[in-house]
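Inspection log for the structure reproduced underneath, given as structure tokens.
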Amino acid sequence: MLLVYGAADEHVARDLIHAHVPSRHGTAVCRIGDNLAVVVPEDAPELAAALQSCLTELRTGIGHPAGTLSDRALAPFGSVVPLGGSATVGGADFALIAGPCAVESDQQLADSASMALRGGAVALRGGAFKPRSSPYSFQGLGDEGLRMLAKVSAASGLPVVTEVVDVMTLHLVAEYADVLQIGTRNAQNFPLIQAAARTGKPILLKRGFGCTVSEWLQAAEYALAEGNPNVILCERGIRSFESSTRFTLDLSAVAVVKHTSHLPIIVDPSHGVGHRHLIKPMALAAAAAGADGLMVDIHPDPKAALCDGNQALTEDEWLDLSSALRGVLACLGRALPSAEPVGA
């Protein structure tokens, strides 16, 4: 069962859990907004009683549905996740995260950051480690790419979103990244999700291309159960029989998630459709469907890109999308915020 408290002491809850369930099996503690959510096994009524006697501000108790800690009942108005500086995802503002699919050079990344800022992005995406379908494809610059991201982040003020591909390189990536991205191939790599959550960094969890929404939310639960409430969901398309697009971008998932979960959800139309001429209409549709933001591939010279150049927007296309988004968002009572430097 899930017990929800107001201004409660996390240490008290954890100590009580340890006293009654030393293995921690079936338990979790996570602060969501102003409340403390505690998951208690159904077969541990003595723990529930001990919690209720020590934490007297019990607000509510609900059952144990799939995605307990992500349940919208915990935060009916939705959660807001910090990215770095003043940048956030969730709430009234619409967040744009933009950058190249892969970090290629200092100049390419610096030019991409400038483009991102001109279009209203609040964070810079870029892959230093690239899990590719083919072992012969460009795999990223690794450590060097991370250092490039840190350098451009310091110069531009944009927080960095980059992918972590395995536990071995997790702590290295966490040294440089503001947000840890878990890609579609690792969407159900639960040990990686748990380890990433324990760094305390925000987690951007992409949907697995073969995952249902319920499975996706259960994957997010692994991060929340580690006590990290800062999880962003990212719809990036699922595999279907349709071959005219790279994947099938499931925008109905946005509405489903907003109904069932308090976690913010963004959409990656670039990887969803795989063709730059389709990105604008799908991005606008994502905004209209209620997404909290977008993650978009941009590149100063897509034809020369080492990774996914056919889905990267040019500067003109990116600025055109940004302008069109402002019109759609105005109708929804939302806006694109201005980015401020990290640490401002």
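Computed from heavy atoms alone, side chains included, the values below leave out hydrogens, waters and symmetry copies.
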Quiz item: For V21 and S23, what are the C-alpha separation, side-chain angles and deciding distance, and is it a side-chain contact (heavy atoms from CB on, under 4.5 Å)?
Solution: CA-CA 6 Å; V21 190; S23 67; 4.1 Å; yes
Just by distance, do the side chain of [X] and the backbone of [Y] share a donor-acceptor pair under 3.5 Å?
| X | Y | result |
| --- | --- | --- |
| Q188 | A219 | no |
| S156 | V152 | yes |
| Q194 | A196 | no |
| S112 | Q108 | yes |
| D250 | G237 | no |
| D166 | T169 | yes |
| Q181 | I203 | no |
| E226 | N228 | no |
| T88 | V81 | no |
| R276 | A312 | yes |

Exercise. Starting at CD1 of I266, measure out to CG of L233 and round the result to the nearest 0.5 Å.
Key: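 These two atoms lie 9.0 Å from each other.
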Exercise. Mind checking the CG-CG spacing from L263 to L217? Nearest 0.5 Å is all I need.
Key: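 Spacing of CG (L263) from CG (L217) equals 7.0 Å.
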Quiz item: Side-chain donor-acceptor pair under 3.5 Å between D268 and H271, yes or no?
Solution: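 Yes.
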Quiz prompt | Check: E242/S240 side-chain N/O donor and acceptor closer than 3.5 Å | solution =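 Their side chains do not contain a donor-acceptor pair, so the 3.5 Å distance test is not met.
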Quiz item: With sequence neighbours left out, what residues match D301 under salt bridge (charged side-chain N to carboxylate O under 4.0 Å, His left out)?
Solution: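 In terms of salt bridge (charged side-chain N to carboxylate O under 4.0 Å, His left out), with neighbours along the sequence ignored, D301 is linked to no residue.
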Exercise. Taking salt bridge (charged side-chain N to carboxylate O under 4.0 Å, His left out) as the test, write out the residues that go with E46, two or more places apart.
Key: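 None.
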Provide the closest heavy-atom pair for [X] versus [Y] in the form atom of the first, atom of the second, distance.
| X | Y | answer |
| --- | --- | --- |
| L249 | P269 | CD2-CA, 4.0 Å |
| A116 | L158 | CB-CD1, 4.2 Å |
| L2 | V39 | CD1-CG2, 3.8 Å |
| V103 | A128 | CG2-N, 4.5 Å |
| G208 | I238 | O-CG2, 4.1 Å |
| G119 | L96 | O-CD1, 3.6 Å |

Quiz item: Under a single-linkage definition using a 4.5 Å side-chain heavy-atom cutoff for Ile, Leu, Val, Met, Phe, Trp and Tyr, are V80 and L294 assigned to the same hydrophobic cluster?
Solution: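 No, V80 and L294 fall in different hydrophobic clusters.
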So that I can tick it off, tell me whether [Y] and [X] are bridged by a salt bridge, with the cut-off set at under 4.0 angstrom between side-chain N and carboxylate O.
| X | Y | result |
| --- | --- | --- |
| R118 | E315 | yes |
| E10 | R31 | yes |
| D308 | R246 | yes |
| R334 | D93 | no |

Self-check item: Atom CZ of R24: over 12 foreign heavy atoms under 6.0 Å
Solution: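 Counting other residues, nucleotides and ligands, CZ of R24 stays at 12 neighbours or fewer.
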Quiz item: Around H275, counting heavy atoms of other residues, nucleotides and ligands shown, do more than 12 lie under 6.0 Å from its NE2?
Solution: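 Yes, the 6.0 Å shell around NE2 holds more than 12 heavy atoms from other groups.
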Practice problem: Scan residues 230-253 for pairs that pass ring-ring contact (aromatic ring centres under 6.0 Å, His included), counting only residues two or more places apart or in two chains. | Solution: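 Checked against ring-ring contact (aromatic ring centres under 6.0 Å, His included) - neighbours excluded - the pairs reaching residues 230-253 are F209-F247.
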Quiz item: Which ring-ring contact (aromatic ring centres under 6.0 Å, His included) pairs, counting each pair once, include a residue from residues 291-323, with sequence neighbours left out?
Solution: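 ring-ring contact (aromatic ring centres under 6.0 Å, His included) check on residues 291-323 returns no pairs.
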Exercise. Please list, chain by chain and in numerical order, all residues satisfying ring-ring contact (aromatic ring centres under 6.0 Å, His included) with F94, sequence neighbours excluded.
Key: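 Testing F94 for ring-ring contact (aromatic ring centres under 6.0 Å, His included), a comparison that skips the adjacent residues, returns none.
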Practice problem: Check ring-ring contact (aromatic ring centres under 6.0 Å, His included) between Y176 and all other residues, then give those that pass, not counting sequence neighbours. | Solution: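 Listed in chain order: nothing, the list is empty.
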With side chains defined as the heavy atoms from C-beta onward, is the minimum distance between [X] and [Y] less than 4.5 Å?
| X | Y | answer |
| --- | --- | --- |
| V273 | Q311 | no |
| V12 | L55 | yes |
| P202 | V231 | no |
| E235 | K206 | no |
| S261 | R72 | no |
| L336 | L329 | yes |
| P41 | H25 | no |
| L146 | T162 | yes |

Exercise. In sequence, state the C-alpha distance, the side-chain angles, and the governing distance for I182 and N189, and then conclude on side-chain contact (heavy atoms from CB on, under 4.5 Å).
Key: CA-CA 9 Å; I182 305 292; N189 185 339; 5.9 Å; no
Quiz item: Hey, which of T184, V267, V213 is the one that makes side chain to side chain contact (heavy atoms under 4.5 Å, CB included) with R207?
Solution: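 Passing option: V213.
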